[in-house]
Amino acid sequence: MYIKIVRHFDEVTLFCSLQGFIFSTPCHAVFAFLNPLLIGVIQVKFQGTAQSPFQTSLPSMWAFLLATIIYCFAFAANMRFKCTRYSRLSGHVAFFAGSFSSISLVLVLLPALLGRLIFAAWIILPILVARNFVQFICLWIYQRIMMLIFKILGFWYRFLDEMLVEEQLEYPVEIIIAN
């Protein structure tokens, strides 16, 4: 018994062939425009005061810096790998990190309660994108389980065939054809 599991057409290849590479220009342009704009607004807000955003909103500012660094590395990886599985992963990481850097800057400008509400709404975004990843993992696990089952069944059928052949050799059956 020969089992062949055929891989479906890779949606990464289809997506990359249609759009170049994931999140290339549109998202990068948004983050490249939005973050400097928000930094300028924060500078205007804190202009003439003795405090800086690092004194009043330290967690948000550190989150912005960390997210921006992750975004830069992920975007560079996305450009480097072009149309591979790594491109899709790095594209999603760049998207999440870029949006998180923008959200972190918005949190500095808003009151705490409204900022938390916006951050909670942002949390939904990775969950929606992760749905496809979870489906991919479930499909991968399903394929591995099915391959294992088919290997076990193949071994079992081979074992049964050998037993039938041995059984037939032990008890020969004569067929008499009468005219």
Side-chain angles (χ1 to χ4, degrees), residues 3-46 52-110 114-148 150-151:
I3 306 295
K4 181 178 180 183
I5 295 180
V6 179
R7 242 178 120 194
H8 298 285
F9 185 77
D10 194 4
E11 74 178 67
V12 173
T13 307
L14 175 65
F15 187 80
C16 289
S17 65
L18 293 175
Q19 190 179 351
F21 53 97
I22 193 166
F23 299 125
S24 60
T25 307
C27 290
H28 178 65
V30 168
F31 298 136
F33 172 75
L34 184 60
N35 286 352
L37 176 71
L38 290 171
I39 290 171
V41 172
I42 289 171
Q43 285 176 343
V44 169
K45 178 181 178 181
F46 286 94
S52 74
F54 281 98
Q55 292 171 338
T56 60
S57 304
L58 185 64
S60 294
M61 294 306 292
W62 278 109
F64 161 72
L65 291 174
L66 182 65
T68 301
I69 290 169
I70 292 171
Y71 171 76
C72 290
F73 282 116
F75 187 73
N78 189 0
M79 292 174 52
R80 165 89 168 87
F81 292 122
K82 299 271 178 171
C83 290
T84 63
R85 290 179 189 260
Y86 299 115
S87 171
R88 186 166 191 187
L89 178 65
S90 63
H92 288 311
V93 170
F95 180 69
F96 293 138
S99 62
F100 187 68
S101 69
S102 298
I103 290 294
S104 298
L105 289 177
V106 168
L107 292 178
V108 173
L109 296 170
L110 297 176
L114 185 59
R116 288 185 190 121
L117 181 65
I118 289 176
F119 183 72
W122 177 84
I123 291 292
I124 294 171
L125 179 69
I127 293 170
L128 291 175
V129 174
R131 182 181 64 90
N132 290 335
F133 183 67
V134 170
Q135 285 177 342
F136 173 76
I137 289 175
C138 290
L139 178 63
W140 183 82
I141 291 171
Y142 170 77
Q143 288 175 345
R144 297 300 177 247
I145 290 171
M146 293 306 292
M147 284 175 50
L148 180 65
F150 287 139
K151 284 181 182 179

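Any value given below was found using the heavy atoms of this structure, including those in side chains, with hydrogens, waters and symmetry copies removed.
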Task: Whether Y71 and F31 hold their rings parallel, tilted or perpendicular, with breakpoints at 30° and 60° - done: perpendicular
- [ ] Report the C-alpha separation of L110 and F119 in whole Å, then their side-chain angles, then the decisive distance to 0.1 Å, and conclude whether the side chain to side chain contact (heavy atoms under 4.5 Å, CB included) test is met.
- [x] CA-CA 11 Å; L110 297 176; F119 183 72; over 6 Å; no
- [ ] Test S57 against every option in L105, V108, L107 by the side chain to side chain contact (heavy atoms under 4.5 Å, CB included) rule and name the one that passes.
- [x]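 For S57, the side chain to side chain contact (heavy atoms under 4.5 Å, CB included) test succeeds with only one of L105, V108, L107, which is V108.
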Task: Identified side chain to side chain contact (heavy atoms under 4.5 Å, CB included) counterpart of S101 within the set L34, I70, L66, T68 - done: T68
Interatomic spacing from [atom1] in [X] to [atom2] in [Y] - rounded to 0.5 Å:
{"X": "S104", "Y": "W122", "atom1": "OG", "atom2": "CH2", "result": "8.0 Å"}
{"X": "Q135", "Y": "I137", "atom1": "CD", "atom2": "CD1", "result": "11.0 Å"}
{"X": "F73", "Y": "N78", "atom1": "CZ", "atom2": "CG", "result": "15.0 Å"}

Open item on the list: How close do A74 and A94 get, counting heavy atoms only, and between which atoms?
Closed with: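 So the minimum-distance heavy-atom pair works out to CB-N, 3.5 Å.
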Open item on the list: Whether the side chain of Q55 engages the backbone of S52 through a donor-acceptor N/O pair (distance < 3.5 Å, no angle test) should be reported.
Closed with: yes
TODO: Could you list the residues that satisfy side-chain contact (heavy atoms from CB on, under 4.5 Å) with L109, not counting sequence neighbours?
DONE: L38, V41, I42, K45
